[in-house]
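Take a look at the structure below.
A note on names: the letters A, B, ... follow the listed sequences, proteins ahead of strands, and every chain is numbered from 1. Below, each value reflects all heavy atoms present in this structure, side chains not excepted, and no hydrogens, waters or symmetry copies.
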Amino acid sequence: MSEQSPGERVEAFQAPTGTRDVLPPESARFAALIERFGTLARRAGYGLVVSPLFEDPAVFRRSAGEESDIAKDEMYEFADKGGRPLALRPEGTASVVRAFVQHRPVLPWKTWYVTPAFRYERPQAGRYRQHHQLGVEALGSEDADLDVEVIALGARYLGAVGLGNVALKINSMGDGACMPAYREALIGYLATNEARLCDGHRQRWKHNPLRVLDCKNAACKAVTAQAPRLSAFWCKECRAHYDRVRTGLGALGVGFCEDDFLVRGFDYYTRTTFEFAALSLDAAQNVVLGGGRYNGLVEQLGGPHTPGIGFGSGIERVLLAADAEGALADLGRGIDVFVVDVTDGSAARDLTEQLRAAGIGAERAFDQRSMKAQLKLADRSGARVAVIVGADERARGVAMMRDLRGEDRNQTEVPLAELVEALRARR
RNA sequence: GUGGCCGUAGCUCAGUUGGUUAGAGCGCCAGGUUGUGGCCCUGGAGGUCGGGGGUUCAAGUCCCCUCGGUCACCCCA
């Protein structure tokens, strides 16, 4: 039963604010990123983790930090029909760590994931309420060489999708032994220089003093230029770890620069932090891959002390950067052959399936279109070859094989029994 | 959450100081070519002018509200 009264027009629904549909042909690039990343991750011994899109909100709050913006006002929270509080995943790491705590897999546990992520914020260039991330999380080792492996994997991934113009920054956040002292020193310094901070941070610096370090405002930059350096506070162990990371990256030929002010958005980072920025994008949203070590996070979520490191990479951001660099431009549709049937369609029906079964990408037209229309579709499908079957060919058990690309576009007759072989020969 | 700009066909846009049946290019469909795509020619389909209210003899055009988009701040991927 229709609920509309006669003549009433139904509104055209559209995707909610800050979300979008990823459609062909763009979705091919989306898929290519995931495929290439998955291949590299598996090759390095990382296994896929698929976990629920929603969790107890406390999982995300504990992880990102109770005081973080994500925890405070960017989470999609709701209660299900049983009254259970739930939240949509705002980032990738927390869920994986929660799964680790729950299942206690054998260490080291090296995983990768692809997932949507939800944050309630105003959309703008390169930022959505639902975006997509892929990444890795490796738990159970404190070895700096694992940091190197993870960073190298990130670099390899960005290279594999064709991004050349990227810059890697690394830093160390210290640990429980040295970070508190730095924090105190920074707070003391900011307190005496409060008046010179930018408008926003003059009000908010106490809320998260470290954030002032990566403020883009000139006023803040002038202040932080003289601020105490985190690196001067590193304890012996943190310095040794950091040095091993630097050495490792150097040995692998992964270029990087060190940035004392690299402070990432989540509270859980200890020691190594890193970011890859796409230099072809505006600085406000140019981080395409970022992560770091989180040696206290597993305990935060109720597990045993277990060190970990990982990164997340925004698919939309990487795609923006790929656009800017002209990368990933020529992904075909995977159609090798277009079957043109000017009989009753049964030849197209049977031949396309036969070709697909043989591993050949095959497409056809439906609805008994004219031969001219079918060839037009064949042209646009990207196929290299059209296989044409008319009444005459069908009667004789043959097909015309026509070149759609290249210089000489000849056309030859092939017995149906030899079609697959003939098409393969043309590859 | 705050602010700027913008909503006319599937897409990119034009639309004179408010004035008949709202246009173009591209795309789509068909024909030119009774079995041949890309180029060309002809024709066709396709529009709640984002939505609602108001002013007016008359609103795509002016006013208000609203929804959406976009950009920036904030924050982040």
Name every donor-acceptor pair, under 3.5 Å, that has one atom in a side chain of residues 33-45 of chain A and the other anywhere in the protein, sequence neighbours excluded.
residue, atom, partner, partner atom, Å
Arg36(A), NH1, Ala160(A), O, 3.0
Thr39(A), OG1, Glu35(A), O, 2.8

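With sequence neighbours excluded, no residue satisfies side-chain hydrogen bond (donor to acceptor under 3.5 Å, both in side chains) with Trp234(A).
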* **Dot-bracket pairing map - RNA chain B, Watson-Crick plus G-U, both contacts under 3.5 Å, | cross-strand** => (((((((..((((.....[...)))).(((((.......))))).....(((((..]....))))))))))))....
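Looking only at side-chain heavy atoms (C-beta outward), Tyr46(A) and Glu149(A) come within less than 4.5 Å of each other. Two residues are said to be in side-chain contact when any heavy atoms from C-beta on lie closer than 4.5 Å; Phe276(A) and Leu163(A) fail this criterion.
Within residues 310-320 of chain A, the residues that place at least one heavy atom under 4.0 Å from RNA chain B are, in residue-number order, Arg317(A).
Toward the 5′ end of RNA chain B lies the nearest nucleotide of Asp379(A), the other residue of the pair Asp379(A) and Asn286(A) mapping further downstream. In terms of position on RNA chain B, the residue among Arg405(A) and Tyr120(A) whose nearest nucleotide sits closer to the 5' end is Tyr120(A).
Contact annotation: side chain of Arg127(A) to base of C74(B), donor-acceptor pair present below 3.5 Å.
If you run side chain to side chain contact (heavy atoms under 4.5 Å, CB included) between Val340(A) and each of Arg369(A), Gln374(A), Arg364(A), Lys372(A), only Gln374(A) comes through.
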Protein N or O to nucleotides 29-35 of chain B N or O, pairs below 3.5 Å:
residue, atom, partner, partner atom, Å
C29(B), OP1, Arg369(A), NH2, 3.0
A30(B), OP1, Arg369(A), NE, 3.1
A30(B), OP2, Arg369(A), NH2, 3.4
G32(B), N7, Lys372(A), NZ, 3.2
G32(B), O6, Lys372(A), NZ, 2.9
G35(B), O6, Glu393(A), OE1, 3.1
G35(B), N1, Glu393(A), OE1, 2.5
G35(B), N1, Glu393(A), OE2, 2.6
G35(B), N2, Glu393(A), OE2, 3.0

Report, one pair per line, the protein and nucleotides 65-69 of chain B atoms (nitrogen or oxygen only) whose separation is under 3.5 Å.
residue, atom, partner, partner atom, Å
G68(B), OP1, Thr17(A), OG1, 3.4
G69(B), OP2, Thr17(A), OG1, 3.2

